[in-house]
Amino acid sequence: MVDYHAANNQPSGGPQTYMEQENDWDRDLLLDPAWEKQQRKTFTAWCNSHLRKAGTQIENIEEDFRDGLKLMLLLEVISGERLPKPERGKMRVHKINNVNKALDFIASKGVKLVSIGAEEIVDGNIKMTLGMIWTIILRFAIQDISVEETSAKEGLLLWCQRKTAPYKNVNVQNFHISWKDGLAFNALIHRHRPDLIDYDNLRKDDPVTNLNNAFEVAEKHLDIPKMLDAEDIVGTLRPDEKAIMTYVSCFYHAFSGAQKAETAANRICKVLAVNQENEQMMEDYEKLASNLLEWIRRTIPWLEDRTQQKTVNDMQAKQEDFRDYRTVHKPPKVQEKCQLEISFNTLQTKLRLSNRPAFMPSEGRMVSDINAAWHTLEGAEKGYEEWILSEIRRLERLEHLAEKFHQKAAIHESWTSGKEAMLTQKDYETSTLSEVKALLRKHEAFESDLAAHQDRVEQIAAIAQELNELDYYDSASVNDRCQKICDQWDTLGALTHRRKDSLERTEKQLESIDELYLEYAKRAAPFNNWMEGAMEDLQDMFIVHNIEEIQGLIAAHEQFKSTLPEANKEREAIQAIQAEVQKIAQSNGIKLSGANPYTTITPGSIDDKWEQAMAMVPQRDKALQEELNKQNSNDTLRATFATQANAVGAYIQAKMEEIGRISIEMNGTLEDQLTHLREYQQSILSYMPEINKLEGDHQHIQEALIFDNQYTSYTMEHLRVGWEQLLTTIARTINEVENQILTRDAKGISQEQLYEYRASFNHFDKSISGAEKRSRCDHTGSLIAEEFKACLISLGYDVENDKQGDTEFARIMSIVDPNNSGAVTFQAFIDFMSSETTDKDSADQVIASFKILAGDKNYIMPDELRRELPPDQAEYCIARMAPYTGPDGVPGALDYMSFSTALYGESDL
C-alpha cells in the first residue's frame, strides 16, 4: 500500500513532529478482539461527543467515515477551522478525495501519518480507521496537555498522579491496569467535585460498581459521554491503553476550567497574604513607636525637674535614682529604638519587593521624629546629670559653711557674753585713783581685745553672705543670728566709746597705775586671742578634692607648728611679768587685792589654753594624714577608671572603624556575609563584661565624690554613647545584608550581579575629605547626584548632560531618592537595579485573576469569593471591596478592579 502522506506531506521536523512513537500503529495489538471492541466504543463515543455540536453522530465507525464527509465535519468541529469544500458525489473517487482532504488537514497540523491511506478508509478497514481516529485524538485532545514542563501522554499521566495522590488505594502508574478497579476515575471526579462522589463508601473489590458509578456521574453531571462499559475493562487482563487515555483526556478537559480558577485563587491568596503581613508590620511599628514616644514624653519632665534638695544625702538619693534609670530602665528602650529602625527598613524593603507603595507612619511617628525625641532625651539626661553633680558640690559647700558659721558664731557669742553688763557698770564712781587708772587700763585692754575680734565678726558676716548667695535652705535663721551678732557688735562699740569717755574724765583725779599689770594685760590679751585663733584653726573643718589641696593644708599646718617655739617664748615672757609682780609685792610687803585689775586673763588660763592647743596639734596631724590617705585612694580610683576607660574607648573606636570597613569590603555570598556579621556581633557583645566593669569603676568614682580625672579624656557618658552607637551600627549592617537577601531572592538577582552592583557603587563612592577617607576606607555608603549619574553611565544608562538625559536622570532620582535628600543609598540603588531587570506582579495581573473567579464578569459576588478563597482572605476582600456601580451590576456585586489597583497604590480604597 502506498504511504500517501509519508510521500507528500512529510513534516520538516523539529517541534511540529508529534509523538512519532505513537504514530506507529501496532497492528498486532489490534488482533486482540477485546482491545478492538474497547477502541470501537471509546473512539465512537469520543467522535459523537464532538459531532453532536454539529447536530449529527455516527453509528458504525468504519462505515460512517468512508465517504469522508463526517470525517471532515469532525475535524472542523474539534479544530475550529474551515476545511476545503467537500465533494458530494457518490463515486469512489469523490470519497477518496474527501478523505484525502481530511488527511491533508491532519498532516498540516504536524502529524506524521504512517501507513494510513485514503483508500483504506474508503474501503472500511477497521484497523486503519481506528488508527486514524487515534491519531486525531492524540493531536487535538492530548497534545496540548501540559503539566510542569511535561506534555501529551506524560503530562496527562502526571496530572492524574497529582490529582489522585491523596486518595487511598489509588496508584496511577499507567493507562491500563491502574484504572481497572474504577477508583482512579472516582478519585478524579471527587477531587474536583466532591459533592458528586461519596468516595469513602467505594470498595476496591467491587470494580464494576466503581466504574459504572464514575461513568454515570461523568455522563450526567460533567457532559462526558459513556465511552466504555465496566465489563469491557474488568473482563480483560490489560485494558486498552488508547481507550483509557481517550476517556481520561475528557476528564482533563472537563476540569481544566477549575484548574484555571484554582490558579487564579492561588495568585489572589498570595497577593492578599503579602498585604495582610505588611499591614500587621505597619500596626506593630505604629504601636512600638507610640509606646517609645510616650515613654520619652513621660521621662523628659522627670529629667528636667530641678527641684533643689536640702542635704547632700537627698541629692545622692536622686543620683542613685538616675543611675538606676541609666542601667535598668533605659537599655531596653535603646533596644526598642534599634528594633524599630530595623522593622521600618525591613517593611519598606518588603513593600518595594511586592510592588506596594512605601509606608508612611502617622504624623509624628517617623524614624526621624523618634530620633529627634531621643536626641532631646539624651540632652535632658546630660543636663540632669550635670545638675546633680553641681548640686552635690553646692550642698557640700553649704553644709561646710553652715557648720563653720555656727562654730564661729558660738565662739563669738561666748566671748561677748556679759560684755554689755561690764561696759555699763559705773564702778569708777566710787573707786580710788589707782582703781580708776586700773579701770582705764583695763578698758584699753578690752578695746584691744575688741579690735582683735573685729576680724571674727567680719568672717561671720562674710560666711552668712556666701550662704545667701549659694541659696542655703536655712538662710533665714543664719541671717537672723548674724544680724543679732552685728547689732550686738555695734552696741558694744558704742558702749566701749562711752565708758572710755567716762574713765578719761576721771583719770585726772586717779593715778597710781601698776605698770606691770598693764604690761601683762597688754601682752596677755593678744597672746590669748592668738591662742583662741590657733585653737579655732586647729578645730576648723576642711574639704579637699585632690592631693595638691591636702598637701597645701599640711604645709600650712607645718608652718604653724614652726611658730610654736616663738609663741612659747612669748607665753614664758607673759608669765615672767606676773612673776615680777609677785616678787615686787613680796619684797615691798604689798598685799595684792587678787586679780589683775587690767585683765581677766590669768596665767593659769593661759597655761590651760596652751596645753589645750598643744593637745590639738597631734589631732590635727592625724586628721590631715587621714585625708591625705583618702586622696591617695581617690587618685588610685582615678587611675583605675582611666586605664579601663582608655582601653574601652580605643576598643570602641577600633571596632567602629572595623565595621565601617567590613560593611564596604564584604566578600563571599550574602549568607556568608550575614553569618560573618552575626559572629562579629557576638564577638562585640562578648566585650560587655568590660563595659560593666567600667560602670563599676565609675560608680566607685562617684561614690567617692571625685569630680575630675587628669588621667583620661574619656567620660562615662561618651563611652556609653559610643557603645550604643557601635551596637546600633552592627545591627543596621546586618539588617542591610538581610534586606539584600530579601531583594535577591524576591527579584531573582544572582550573586554575581550583586557583586557587580556593589563594585560599581563603591567605585563612585568618594565624596568626602582625605582625613575622613583614611578613617572610613574612602567610602561614605551613599552617592551624591553627580556620583550616581556617573555610576549609571558606567552601567550603560543614557543620562548624559542633554535635555533627554537630564529628563531620564530626574525620573530615576525620583525613584531612588523620593525625599530629595541629595544622596542615594546602596539599598535604594539595589532596589532600582532589581526593578529594572525583574518582573513584578501588577494590578492588571490581579484584576485578570479576579475576572477568572468572577466568570468573566466585571464584578464579583461575595459567595464567589467565599467559594474560591480561604475564609480569612475572602472576608478581607469583602470588607474592603467597594460596591460595584456599573450598569451591568446586580445587588451585592463588588468592584474588584478598584480594589486591585488600590493594592498597588494606583488608586484609593
Side-chain angles (χ1 to χ4, degrees), residues 268-296 335-374 728 731-747 781-782 812-836 838 840-843 845-846 872-873 876-877 879-881 898-909:
I268 291 172
C269 290
K270 179 180 179 182
V271 171
L272 295 180
V274 170
N275 222 56
Q276 289 172 310
E277 181 183 0
N278 290 342
E279 287 183 359
Q280 184 61 47
M281 290 187 70
M282 294 176 190
E283 292 176 4
D284 293 343
Y285 174 88
E286 292 281 350
K287 180 178 179 181
L288 186 58
S290 298
N291 293 342
L292 183 58
L293 288 171
E294 176 61 20
W295 178 80
I296 294 174
Q335 182 63 29
E336 288 181 12
K337 176 177 175 290
C338 179
Q339 184 60 43
L340 193 68
E341 294 181 5
I342 292 174
S343 298
F344 181 83
N345 292 335
T346 301
L347 174 58
Q348 297 294 43
T349 299
K350 289 187 175 181
L351 289 172
R352 286 193 297 270
L353 295 179
S354 58
N355 200 25
R356 302 301 197 277
F359 169 56
M360 291 298 294
S362 302
E363 183 176 358
R365 294 176 184 170
M366 294 287 291
V367 173
S368 58
D369 297 326
I370 294 171
N371 287 335
W374 192 265
T728 301
R732 286 174 178 165
T733 304
I734 290 174
N735 180 247
E736 179 183 14
V737 176
E738 289 173 339
N739 287 338
Q740 290 180 28
I741 292 174
L742 285 176
T743 301
R744 181 200 66 191
D745 294 342
K747 300 299 184 179
S782 62
I812 295 175
M813 283 299 291
S814 68
I815 297 173
V816 299
D817 184 22
N819 297 324
N820 294 323
S821 64
V824 180
T825 65
F826 179 66
Q827 186 61 44
F829 173 71
I830 285 294
D831 290 341
F832 169 73
M833 295 304 299
S834 63
S835 67
E836 292 288 301
T838 57
K840 313 171 189 174
D841 57 279
S842 65
Q845 291 176 330
V846 177
D872 60 331
Q873 295 186 341
Y876 178 85
C877 293
R880 286 163 174 76
M881 282 187 182
S898 63
F899 173 78
S900 299
T901 56
L903 285 178
Y904 293 87
E906 299 175 12
S907 66
D908 297 326
L909 281 175

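Treat the numbers as computed from the prediction; the structure is a model and nothing was measured. Below, all heavy atoms of this structure are taken into account, side chains as well, without hydrogens, waters or symmetry copies.
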**Asked** Do Ser354 and Asn278 come within less than 4.5 Å of each other through their side chains, counting heavy atoms only?
**Response** yes
**Item:** Euclidean distance, Gln280 CD relative to Glu283 CD, rounded to 0.5 Å
**Value:** 5.0 Å
**Complete:** Smallest heavy-atom separation, Leu351 atom then Pro357 atom, equals CD1-O, 3.4 Å
**Request:** Answer yes or no: is there a donor N or O on one side and an acceptor on the other, between the side chain of Asn345 and the main chain of Glu341, under 3.5 Å?
**Result:** yes
**Request:** Applying side-chain hydrogen bond (donor to acceptor under 3.5 Å, both in side chains), name anything that partners Asn291, two or more places apart in sequence or on another chain.
**Result:** none
**Asked** Hey, what's the ring geometry for Tyr285 with Phe344, parallel, tilted or perpendicular (30° and 60° as the breaks)?
**Response** tilted
**Item:** Side-chain heavy-atom pair Val274, Arg356 within 4.5 angstrom cut-off
**Value:** yes
**Spacing of CG belonging to Asp369 relative to CG belonging to Leu292, to within rounding of 0.5 Å** = 12.0 Å
**Prompt:** Which heavy atom of Asp817 sits nearest a heavy atom of Gly822, and at what distance?
**Reply:** OD2-N, 2.8 Å
**Request:** Kindly say whether Leu272 contributes a backbone atom to a donor-acceptor pair with the side chain of Asn275 at under 3.5 angstrom?
**Result:** no
**Prompt:** Do Glu286 and Ser290 pass the side-chain hydrogen bond (donor to acceptor under 3.5 Å, both in side chains) test, and can you show the C-alpha distance, the side-chain angles, and the key distance before you say yes or no?
**Reply:** CA-CA 6 Å; Glu286 292 281 350; Ser290 298; 5.0 Å; no
**Donor-acceptor under 3.5 Å (Gln348 side chain, Phe359 main chain)** = yes
**Item:** Exam field: side chain Thr825 to backbone Ala828, donor-acceptor pair closer than 3.5 Å
**Value:** yes
**Request:** Report the distance from atom CG of Leu288 to atom NZ of Lys337, rounding to the nearest 0.5 Å.
**Result:** 12.0 Å
**Prompt:** Does the side chain of Met881 come within less than 4.5 Å of Tyr876's, by heavy atoms?
**Reply:** no
**Asked** Can you tell me how far the CD atom of Glu738 sits from the CD1 atom of Ile342, to the nearest 0.5 Å?
**Response** 7.5 Å
**Prompt:** Taking everything shown except Glu363 itself, do over 12 heavy atoms lie less than 6.0 Å from its CD?
**Reply:** no
**Prompt:** Would you call Met282 and Leu347 a side-chain contact if the rule is heavy atoms closer than 4.5 Å?
**Reply:** yes
**Request:** To the nearest 0.5 angstrom, please state how far the CG atom of Leu293 sits from the CG atom of Leu340.
**Result:** 8.5 Å
**Request:** Apply side-chain hydrogen bond (donor to acceptor under 3.5 Å, both in side chains) to the pair Lys350 and Asn739, showing each step before the final yes or no.
**Result:** CA-CA 8 Å; Lys350 289 187 175 181; Asn739 287 338; over 6 Å; no
**Fill in**
The single option from Met366, Arg365, Met360 that satisfies side chain to side chain contact (heavy atoms under 4.5 Å, CB included) with Ser362 is Arg365
**Message:** Please give me the minimum heavy-atom distance between Ser898 and Thr901, naming the atom from each residue.
**Reply:** O-OG1, 2.9 Å
**Asked** To the nearest 0.5 Å, how far apart are CG in Asn820 and CE in Met813?
**Response** 7.5 Å
**Request:** Could you go through the side-chain hydrogen bond (donor to acceptor under 3.5 Å, both in side chains) check for Asn735 and Thr346 one step at a time?
**Result:** CA-CA 8 Å; Asn735 180 247; Thr346 301; 3.0 Å; yes
